[in-house]
Amino acid sequence: MNTEKHPKQIEQNIKDNTRLKILYYVLIGTAVGLFVYWICLVTHFDILGWNLGLILSPLSAGYVETHLARRYIKKTTGAISSFILFLVTVIYGFILSNPSLGLNPLTLIALIFILQSATPRTVNYILIRTTFIIFQCIHSIKDRIKESIDKKIHKTKGTPYVKIIELNKNDYTIKNNLPDINDLGIIFSTTNQISGKKIVEYKGIYESKNFLKYDQKEAIKYKDIEKKGSALLKDIEFVKNRTLLDLSKQLKKDNCNGILELNIQYDNIKIEKTYLIIQISIIGTGIVYED
Amino acid sequence: MLLTSTDTLEKKNILHYYGIVTGESLLGANVYKDLFSGIRDVVEGNTSKYEKELQEARKHAVSIMQKKAKEKGANAIIGLKISYDNLGGTMGNTILITAYGTAVKYE
């Protein structure tokens, strides 16, 4: 009789054995966690009415489970007992034992701590994201206040207010919606005449400018130089098209149907450690020609 | 496709003006590459790598512009201008090469 086992069967047996071991570790972890919770409840281990067992029991359960798993099967099990203890303590502590407990800042902070003990990675991620969002909101509010103050200062001085364009991901969707500048019924030409057309009136110099604030920290994030360059190029092209669009509005307002000697100028007007500001100015002579 | 920096095409009849067409490219974002390029210039004394790359970048900008003109149905770009602008910054000596002109169709 052949007593040799098939390799696949051996592999399956090892897997089953490991699963069983994991189950034992989870159970041991849960038991330790429950014991710690019981000790905390019996000894009234409280701070401001909050039993520290809510934090200590999931922590100890997870620690014991992970320690055993690492020692005997050389891998972690995801601290399942910690999550079980979280559910047990919340159900017992918040619903069964103390149903009148209201929602207040202390409750919220304690809840975060409990959740953090049960699912550290997820909660840490949420906390970090929330912090970022809060900072972004503060930054946005600060910018809006600064913008409104700047506008008021310029209004008082009688100087025009120029907004610096800061591109973000959303602008790429706007970018696609920009109309083709040559489809607006105005001829944009770099030449000094339009062959075969009679210029009826010269309306004078027309100029449009925009400023592109380019975050170099964002650019440095790209490890690939090509990507870094293409991102900046896309931004430059977008701001240039927007400047041409602004120019077309000026021309339309004055009933021009063409602009000659068009000149596009790019100037770096400010270099800071983290960003640079590029001025994009377009200048030309507005005309009215006989179509 | 005919490229010219002049305002008209002598003895040619321009049938249609399509408007402005542009092409841009960036050069020199790699600080280390530029550094070694400089060393090579001194040692070998040949045409610099940087100069070659500048030519390539210009060609790229012009070809983008030509492509845009072709898509519109133009067969020439007149009043052609090419400009080089140093954007600087911590990205190194980044140079923006811009080519732009007026796309036209001539007989």
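Lettering of chains follows the sequences in order, A, B, ..., and the numbering in each one begins at 1.
- Residue with the most contacts toward chain B among I181(A), I187(A), N192(A): N192(A) (heavy-atom pairs, distance under 4.5 Å).
- The number of heavy-atom neighbours closer than 6.0 Å to NZ of K105(B), taken from other residues, nucleotides and ligands shown, is 12 or below.
- Looking at K72(B), its side chain never comes within 3.5 Å of a backbone N or O of N182(A) through a donor-acceptor pair.
- Across I264(A), L262(A), L260(A), L244(A), the residue that shares the most heavy-atom pairs under 4.5 angstrom with chain B is I264(A).
- When only modelled atom types and interatomic distance are considered, K240(A) and T22(B) share a side-chain donor-acceptor pair under 3.5 Å.
- Contact of L96(B) with chain A is made through the side chain alone, with heavy-atom distances under 4.5 Å.
- With a 4.5 angstrom heavy-atom cutoff, T6(B) touches chain A only via backbone atoms.
- Among I259(A), N263(A), I186(A), the residue with the largest count of heavy-atom pairs under 4.5 Å with chain B is N263(A).
- Contact of K197(A) with chain B is not made at all, since no heavy-atom distance falls under 4.5 Å.
- Salt-bridge formation is detected for the pair K68(B)/E237(A): a Lys NZ or Arg NE/NH1/NH2 atom is positioned less than 4.0 Å from an Asp or Glu carboxylate oxygen.
- Residues N86(B) and Y266(A) bring no donor and acceptor atom of their side chains to less than 3.5 Å of each other.
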